[in-house]
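Below is one structure, written out as structure tokens; comments come after it.
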Amino acid sequence: MNIVPHHHHSCEPASSKIQQFFAEFHVGQILRSCNAYKLRGFVVMAIFLVAFEAVFQRRSFYQRKKDAPDSIPFERDTFYRFLNSCAIHWRKFTLLLGTAIIQKTIAPLTSEARRNVLIIDDSLFSRNRSKKVELLARVYDHVSGTYVKGFRMLTLGWSDGNTFLPLSHCLLSSSSKQQQLQGASEDVDPRSNGGKQRKLAQCKAPEVVLTLLQEAREVGVPAQHVLFDSWFCSPASLHQIHELGYDVVARVKEKREDALLLPRPHAGRHGHLLEAEEAPRALRVPAFRRG
């Protein structure tokens, strides 16, 4: 009895839709602006298309190359060199692509009176079985209450209340050298995008948050407020984010209650805190009661 093979013909409609998506949002131009280009060999869009299709087909490059060798004209070395290139600014790519989707597709369908927000959160990226991963560190897992090997995945997303779209991210190691199990590679030029990303990964989380928000501000992401939990809510962070032009909705560490930082006339540049009951009225959104 023969095993039924995986046919790649069923993936052709999905591939055409992906190419249509690339053309509509000018993905090729965004890649070039993020320093993703080649002087010779296979074109960047052909390599990136294979990587993009793998997410929707749930098949690795090795599986696709093994089942249908003629469908991919290049070898694995070309593929992985492109993904691991230190010259490409991948964080900028996701930010520019997300902004293009918001401005071209979501914003025309949304009322101008709706409040758009940026949401910041972190999650554990466990690598307990790893030993030689670059910048591997001991990070604290708040769920289990123990230290594990891995990273903290800091994510910046955008929402209009109905749609959530991830914009940027940073895989955080530990800012303490004592907690780092592996250091950064010395072969990477610190002036390259990869070197800068490694340096950012070793900064403290509040500093990285400010960097992500500043980048979102520069590319014109439409948002008025920033939402995060008490882990990032400190007086210094609130004032620095407010100076960027955002109002903050967060849970204050000291009082353990929801609060909102808004500008107030004659209060200087630092604004003031509102209690949880006042926030919906100040934002002009409906209040939600527990029960």
Side-chain angles (χ1 to χ4, degrees), residues 25 27 30-31 33-36 86-103 106-107 115-125 134-135 137 139-140 142 150-161 163-176 184 188 190-253 260-261 271:
F25 294 101
V27 174
I30 296 178
L31 282 171
S33 66
C34 299
N35 209 32
C86 293
I88 304 175
H89 199 328
W90 289 115
R91 195 173 74 251
K92 180 181 178 182
F93 171 78
T94 58
L95 181 60
L96 292 177
L97 180 59
T99 304
I101 295 174
I102 294 171
Q103 294 176 347
I106 303 178
R115 299 282 183 164
N116 301 322
V117 299
L118 293 173
I119 303 174
I120 298 173
D121 198 10
D122 65 332
S123 57
L124 177 67
F125 190 83
E134 192 174 359
L135 290 177
V139 294
Y140 185 73
H142 293 274
F151 305 90
R152 290 172 60 193
M153 173 65 80
L154 186 65
T155 305
L156 173 69
W158 176 91
S159 177
D160 62 353
T163 304
F164 177 81
L165 189 67
L167 295 179
S168 186
H169 70 282
C170 184
L171 202 60
L172 296 179
S173 179
S174 176
S175 58
S176 173
V188 178
R191 300 170 297 179
S192 65
N193 288 319
K196 294 176 182 178
Q197 183 68 24
R198 286 163 172 77
K199 182 179 179 181
L200 185 66
Q202 300 177 69
C203 296
K204 295 183 178 180
E207 299 177 9
V208 181
V209 167
L210 291 175
T211 300
L212 298 183
L213 290 176
Q214 180 65 41
E215 292 174 349
R217 193 73 173 179
E218 291 175 354
V219 300
V221 177
Q224 298 82 31
H225 307 283
V226 177
L227 280 64
F228 47 70
D229 56 23
S230 61
W231 182 261
F232 305 100
C233 188
S234 64
S237 297
L238 293 178
H239 295 320
Q240 290 172 335
I241 294 174
H242 189 63
E243 289 177 350
L244 292 177
Y246 297 108
D247 297 329
V248 179
V249 180
R251 180 175 289 274
V252 181
K253 290 183 179 180
L260 174 69
L261 183 68

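With Thr99 contributing its side chain and Leu95 its backbone, the two residues share a donor-acceptor pair below 3.5 Å. One N or O on the side chain of Thr211 and one on the backbone of Glu207 form a donor-acceptor pair closer than 3.5 Å. Checked by atom type and distance alone, the side chain of Asp122 never pairs as donor or acceptor with a backbone atom of Met153 at under 3.5 Å. Arg152 contributes no side-chain N or O that, together with a main-chain N or O of Val139, makes up a donor-acceptor pair within less than 3.5 Å. No side-chain donor-acceptor contact under 3.5 Å links Trp158 to the backbone of Thr163. Without hydrogens or angle criteria, Ser174 side chain to Ala137 main chain gives no donor-acceptor distance under 3.5 Å. Of the possible polar contacts, none joining the Lys199 side chain to the Gly194 backbone as a donor-acceptor pair under 3.5 Å is found. For Gln224 (side chain) and Asn116 (main-chain N/O), a donor-acceptor pair under 3.5 Å exists by modelled atom type.
The two atoms that bring Lys204 and Ser175 nearest to each other are CG-OG, 3.8 Å, heavy atoms only. Of all non-hydrogen atoms in Ile88 and Asn35, the two that sit nearest each other are CG1-O, 3.9 Å. The heavy-atom pair separating Gln103 from Gly220 by the smallest distance is NE2-O, 3.3 Å. In terms of heavy atoms, Leu213 sits closest to Tyr246 at O-OH, 3.9 Å. The shortest non-hydrogen separation linking Leu135 to Ser173 is O-OG, 2.7 Å. Residues Ser168 and Arg91 come closest through the heavy atom pair OG-CG, 2.8 Å.
For the atom pair Leu212 CG and His169 NE2, the distance stands at 9.5 Å (nearest 0.5 Å). Rounded to the nearest 0.5 angstrom, Ile120 CD1 and Leu154 CG are separated by 6.5 Å. Here the SG-CG distance, from Cys233 to Leu238, works out to 4.5 Å after rounding to the nearest 0.5 Å.
The aromatic rings of Phe125 and Phe151 sit tilted, their planes meeting at an angle between 30° and 60°.
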- Task: Dump the intermediate steps for side-chain contact (heavy atoms from CB on, under 4.5 Å) on Val27 and Leu97, then the final yes or no.
- Result: CA-CA 7 Å; Val27 174; Leu97 180 59; 4.2 Å; yes
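Taking 4.5 Å as the limit, some side-chain heavy atom of Phe93 sits within range of a side-chain heavy atom of Leu31. In this structure, the side chains of Ser192 and Val188 come closer than 4.5 Å at one or more pairs of heavy atoms.
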